[in-house]
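Notes for the one structure printed next.
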Amino acid sequence: MKNFGFGFMRLPFQGDQVDMNLVTKMVDTFMENGFTYFDTAYKYCRGLSEPALKAALVDRYPRESYVLTTKLSNEFMRSKEEQEQVFEDQLDRLGCGYFDYYLLHNQGAVNYKVSLELDSFEFVKEKKAEGKIRHIGISFHDKAELLEEILTAHPEIEVVQLQINYLDWDNESIQSRKCYEVARKHGKPVIVMEPIKGGTLVNLPEKAEQLFRSYAPAASNASWALRFAASHEGVMMVLSGMNSMEQLEDNIHTMKEEEKGLCVQAAQIIHRELTIPCTGCGYCTVQCPKHIPIPEYFALFQHGYMTTQMVYYYNLTQTHPKAGDCIGCHQCEKHCPQHIEITRHLKEISEKFDGFQGWR
C-alpha cells in the first residue's frame, strides 16, 4: 500500500449531487497507479460521500484490493444506541463487510468528552472483536497536551490522523509538530489530513510561489505540500481531497523527496498575507442556529476587501443569512478544527459587507 490516500471529503458536484462519472474515473485512475487507500466519513459531503465511495469503488473492485477508512462522527449523538445505528448504517451505505480502519472523528476538547460519555472507545473495541473493524484510530484536532492524555488513557488506539502541513507545522493553535511528536512518542503511525490545507497551499502569494519555482520550475505548489507531509518518519498515509482529474494526476506523480527549508520560508510568507486560516471543511456550520454559510463568507474575505467580493457576498445573501445575523453563540468555534475566532471574523465581514446594496 503506497502512502498516498484518496480523501472523499471534497468531491466534485453537479448541482446538489456528486458527479459520479468523474469520481468513478478518478477512482479508476487512482487504482490503476497502484494506490489503494480511501478515506471517508459519515457526514462528508452532506452524507453523500460514503454512498459515492460504494458506487465508485466497493461495487466495482474486489474487497481485498483496497483499504477503506471511515469515521464515527459522534459529536451530536445522545445515546449509545445511536452509535450502533450509525455504525450499521455505515456498513450498509458502504457495503464493504468490514472497515480496515475506523476512527473516532474529530477528537478534541468537545468531542472527546462525548466519546467518554458514550463509551465510544469500548464500542469500537467491541466492533473490532466482532471482526467488523480491523484497526481502531482517532482523527484529532486540538492541542498536543490533550492528545497525550488520550493516547495514554487509550492504548488500544492503533493509528492517529493529524493535520500536518508546512503552514501549520509550528502554528501554536494547530500544533502540528507537537501533535506529531506525541503520536511518535506513543509509537502510533500517523495519517496526514489537510496536507494542502484545504487548497490554501495551492494558491500561494506570489513571493512564496516564486520561491518554489526558483528551485523546481516544473513542480506544482501542491506537490511541495504533499512531499513535506510525507517526508516525516512514521507517516503511513497522506490524504488529499481531490475534485478534478488534474489534481489527481498531479498528486499521483508527486511523492518524492523535497527541500523542507523552502517550505519553512514559504510558510512565513503565507502567514504574513493570509487573512483567515479557513480550510472550508464546513464543521462550523453544522450547529449554527442561523445557518450562516461561514466558509463561503471567509473565502470571499480571505485576501482582503474588494468591490467584486462585495458583489458575490450580496448575491449569497439573497439565499443565505448575512454575516451580521450571527448571534454570538460560539457553537461554530467549538467545532472548528483550525481554532479560528469565527464570531470575531463574522463581525468584521459584516462591518465591511453588510449594507452593500449591489448593482441592478
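Worth saying up front: this structure is predicted, and the values here are computed from it rather than measured.
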Can you give each donor-acceptor pair under 3.5 Å made by side-chain atoms of residues 138-147, sequence neighbours left out, with the distance rounded to 0.1 Å?
| unit_1 | atom_1 | unit_2 | atom_2 | d |
| --- | --- | --- | --- | --- |
| S139 | OG | N106 | N | 2.6 |
| D142 | OD2 | A109 | N | 2.8 |

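Side chain to side chain, E81 and Q85 fail the donor-acceptor criterion of an N or O pair below 3.5 Å. If you check the side chains of E148 and H186, you find a donor sitting under 3.5 Å from an acceptor.
The shortest side-chain heavy-atom distance between S120 and Q83 falls under the 4.5 Å cut-off. Side-chain contact between N243 and L11 is absent, with no heavy atoms from C-beta onward closer than 4.5 Å. A heavy-atom distance below 4.5 Å is not found between the side chains of Q247 and S240. Between Y42 and H105 there is no side-chain heavy-atom pair separated by less than 4.5 Å. Put simply, the side chain of D19 does not reach to within 4.5 Å of the side chain of F13, judged on heavy atoms. A 4.5 Å side-chain heavy-atom check between F6 and M26 finds at least one atom pair inside the cut-off. With a 4.5 Å cut-off on side-chain heavy atoms, I294 and F298 count as touching. For the pair T24 and L22, the minimum side-chain heavy-atom distance is 4.5 Å or more.
Taking CE of M245 as the reference point, atom CD1 of I252 lies at 8.5 Å (rounded to 0.5 Å). Note that CD1 of I196 is 10.0 Å distant from CG of N221, once rounded to the nearest 0.5 Å. Taking NE2 of H330 as the reference point, atom CD of Q287 lies at 14.5 Å (rounded to 0.5 Å). Between the CG atom in D325 and the NE2 atom in H320 there is a gap of 12.5 Å [rounded to 0.5 Å]. Here the straight-line distance linking atom CG of L57 with atom OG1 of T36 works out to 9.5 Å at 0.5 Å rounding. Annotation: the span from K322 atom NZ to I349 atom CD1 amounts to 14.0 Å, rounded to 0.5 Å.
By the 4.5 Å side-chain criterion applied to Ile, Leu, Val, Met, Phe, Trp and Tyr, M9 is assigned to a cluster that also includes Y44, Y283. Clustering of Ile, Leu, Val, Met, Phe, Trp and Tyr side chains at separations under 4.5 Å places F76 together with V286. Cluster partners of I174: none. The rule joins Ile, Leu, Val, Met, Phe, Trp and Tyr whenever side-chain heavy atoms lie under 4.5 Å apart, and it links nothing here.
For residues 56-73, the set of pairs meeting the salt bridge (Lys or Arg N to Asp or Glu O under 4.0 Å) definition, not counting sequence neighbours, comprises D28-R60, D39-K71, K54-D59, R63-D100. For residues 331-343, the salt bridge (Lys or Arg N to Asp or Glu O under 4.0 Å) pairs, not counting sequence neighbours, are E341-R344. Listed by first then second residue, pairs satisfying side-chain hydrogen bond (donor to acceptor under 3.5 Å, both in side chains) with a partner in residues 8-17 read R10-E194, not counting sequence neighbours.
The side chain to side chain contact (heavy atoms under 4.5 Å, CB included) test applied to E84 returns E88, F123, K127, not counting sequence neighbours. D170 meets the side chain to side chain contact (heavy atoms under 4.5 Å, CB included) test with R177; sequence neighbours excluded. Partners of H135 under the ring pair (Phe, Tyr, Trp, His ring centres under 6.0 Å) rule, at least two apart in sequence or in another chain, are Y101. In this structure Y180 satisfies the ring pair (Phe, Tyr, Trp, His ring centres under 6.0 Å) test together with W169, H232, sequence neighbours excluded. Judged as a ring pair (Phe, Tyr, Trp, His ring centres under 6.0 Å), and not counting sequence neighbours, the contacts of F99 are F87, Y102.
Heavy atoms only, all atoms of each residue included: S65 and M31 are closest at O-CE, 3.6 Å. In this structure, L53 and L68 approach most closely via the heavy-atom pair CD2-CD1, 4.0 Å. Residues A41 and T70 approach most closely at CA-OG1, 3.4 Å, considering heavy atoms. Minimum heavy-atom separation, Y166 to C263: CD1-O, 3.2 Å. Closest non-hydrogen pair, P295 versus T285, comes out as CD-CG2, 3.5 Å. Taking each heavy atom of G97 and L91 in turn, the nearest pair found is O-CD2, 3.9 Å.
By the rule that hydrophobic residues join a cluster once side-chain heavy atoms approach within less than 4.5 Å of another member, V114 and I157 end up as members of one cluster. M193 and I150 are members of different hydrophobic clusters when ILVMFWY side chains are connected at heavy-atom separations under 4.5 Å. Note on V235: it clusters hydrophobically with L201, by side-chain heavy-atom contacts below 4.5 Å among ILVMFWY residues. L204 and L211 end up in the same hydrophobic cluster when Ile, Leu, Val, Met, Phe, Trp and Tyr side chains are linked at under 4.5 Å. Under a hydrophobic clustering in which Ile, Leu, Val, Met, Phe, Trp and Tyr are joined whenever their side-chain heavy atoms come within less than 4.5 Å, directly or via other members, Y215 and L226 fall into the same cluster.
Within the 6.0 Å centre-distance limit, the rings of F38 and F30 are counted as a close aromatic pair. Ring pair Y61/Y66: centre-to-centre distance not below 6.0 Å. Ring-centre distance between Y37 and F35: not below the 6.0 Å cut-off.
The salt bridge (charged side-chain N to carboxylate O under 4.0 Å, His left out) with K128 is formed by just one residue from the set E122, E158, E156; it is E158.
Using a 4.0 Å cut-off between charged nitrogen and carboxylate oxygen, E209 and R213 count as a salt-bridge pair.
The environment of CD in E233 is sparse: at most 12 heavy-atom neighbours from other residues, nucleotides or ligands sit within 6.0 Å.
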When you look at L151 and V182, which way does the side-chain contact (heavy atoms from CB on, under 4.5 Å) test go after all the steps?
CA-CA 9 Å; L151 294 183; V182 169; 4.1 Å; yes
Report the C-alpha separation of H335 and V110 in whole Å, then their side-chain angles, then the decisive distance to 0.1 Å, and conclude whether the side-chain contact (heavy atoms from CB on, under 4.5 Å) test is met.
CA-CA 8 Å; H335 298 282; V110 175; 4.2 Å; yes
Between R227 and S223, does the side-chain contact (heavy atoms from CB on, under 4.5 Å) criterion hold? Intermediate values first, please.
CA-CA 6 Å; R227 291 197 296 268; S223 71; 3.4 Å; yes
Carefully, step by step, assess Q161 and Q107 under the rule side-chain contact (heavy atoms from CB on, under 4.5 Å).
CA-CA 10 Å; Q161 186 163 307; Q107 295 301 287; over 6 Å; no
What verdict does the side-chain hydrogen bond (donor to acceptor under 3.5 Å, both in side chains) test give for Q163 and Q338, after you've listed the backbone C-alpha separation in whole Å, the side-chain angles of each residue and the deciding distance to 0.1 Å?
CA-CA 9 Å; Q163 178 169 318; Q338 311 307 320; 2.6 Å; yes
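Proximity of a side-chain donor or acceptor of E351 to a complementary backbone N or O of E348 within less than 3.5 Å is not detected. Side chain of N165 to main chain of D168: a donor-acceptor pair is present (N/O by atom type, distance under 3.5 Å, no hydrogens or angles). Using a distance-only test at 3.5 Å, with no hydrogens or angles considered, a donor-acceptor pair links the side chain of R93 to the main chain of G47. For S115 (side chain) and N111 (main-chain N/O), a donor-acceptor pair under 3.5 Å exists by modelled atom type.
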